[in-house]
Every structure is written in C-alpha cells, then in structure tokens.
Chemist: 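Sharing a structure with you now.
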Amino acid sequence: TKTQKLLVIDDFLYVYLNGNFIAEHGRSNNGGQVNANITYNLLQGTNIIEFLLCNTGGPAQMLLMGDIVDNDTVKFA
C-alpha cells in the first residue's frame, strides 16, 4: 500500500488503479487547494495508475506529492 498527498487540483481528478476507479477529487473553494490522501493498494508485479484530469475552462492541473515506486521500472505514457 502506498499513499500520496494531493495538494492542488483544478478542476477535477479521477484516479484508476489497474482499470478500477479508486478516487475522485474536485476543486475546493480555496484556490484549488485540496490536501487529501490518495491510497493505492498495489499488487505484486506491474500496476497501472491512471490520472484523468478535467477542467471546465483552460488547462487542468494537479500537484501530487509522495513516492509510489520502490526501485522498479516506471513508464509514463
């Protein structure tokens, strides 16, 4: 199990782990500051984490902190 801290989202974030929906976060009234945890129950072997960002106008953004990898190969697509 790994946890990351979501600090900022503009406007909406949907998170999927291995094709399964695990989290949804929306923009707060505090300039997009959220301060929420996202926890991943990782399986042995390869895991796929997908972030779907949506914004009602302009570019979407998020700020996510914390390690989820332990000396393994990471690929971004």
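Remember, it's a predicted structure, so these values are computed and weren't measured experimentally.
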Chemist: Can you give me the closest heavy-atom contact between A36 and H25, atom names plus distance?
Modeler: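 Heavy atoms only, the tightest pair is CB-CE1, 3.5 Å.
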Chemist: Going by side chain to side chain donor-acceptor pair (under 3.5 Å), name the residues that satisfy it together with N41, two or more places apart in sequence or in a different chain.
Modeler: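 Applying side chain to side chain donor-acceptor pair (under 3.5 Å) to N41 gives T1.
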Chemist: Restricting to side chain to side chain contact (heavy atoms under 4.5 Å, CB included), what partner residues turn up for L63, sequence neighbours left out?
Modeler: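 So L63 forms a side chain to side chain contact (heavy atoms under 4.5 Å, CB included) with L7, V8.
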Chemist: May I ask you to list the residues sharing a hydrophobic cluster with Y14, side-chain cutoff 4.5 Å, ordered by chain and number?
Modeler: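 Besides Y14, the hydrophobic cluster comprises F12, Y16, F21, L52, listed by chain and residue number.
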Chemist: Rounded to the nearest 0.5 Å, what separates atom CG in N47 from atom CG in L42?
Modeler: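 Nearest 0.5 Å value for the CG-CG distance: 4.5 Å.
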Chemist: Partners of L64 by side chain to side chain contact (heavy atoms under 4.5 Å, CB included), sequence neighbours excluded?
Modeler: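 With sequence neighbours excluded, L64 shows a side chain to side chain contact (heavy atoms under 4.5 Å, CB included) to Q4, L6, I38, Y40, F51, M62, given in chain and number order.
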Chemist: Could you tell me which non-hydrogen atom of L53 sits nearest to which non-hydrogen atom of I9, and how far apart they are?
Modeler: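 Between these two residues, the closest heavy atoms are CD2-CD1, 3.3 Å.
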Chemist: Going from CD1 on I22 to OG1 on T39, what distance comes out if it is rounded to the nearest 0.5 angstrom?
Modeler: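 If we round to the nearest 0.5 Å, I22:CD1 and T39:OG1 are 8.0 Å apart.
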Chemist: Only counting residues at least two apart or in another chain, list the ones meeting side chain to side chain donor-acceptor pair (under 3.5 Å) with T56.
Modeler: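 In terms of side chain to side chain donor-acceptor pair (under 3.5 Å), with neighbours along the sequence ignored, T56 is linked to D11.
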Chemist: Can you confirm whether I48 is buried at CD1, in the sense that more than 12 heavy atoms of other residues, nucleotides or ligands lie under 6.0 Å from that atom?
Modeler: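 Not more than 12 within 6.0 Å, no.
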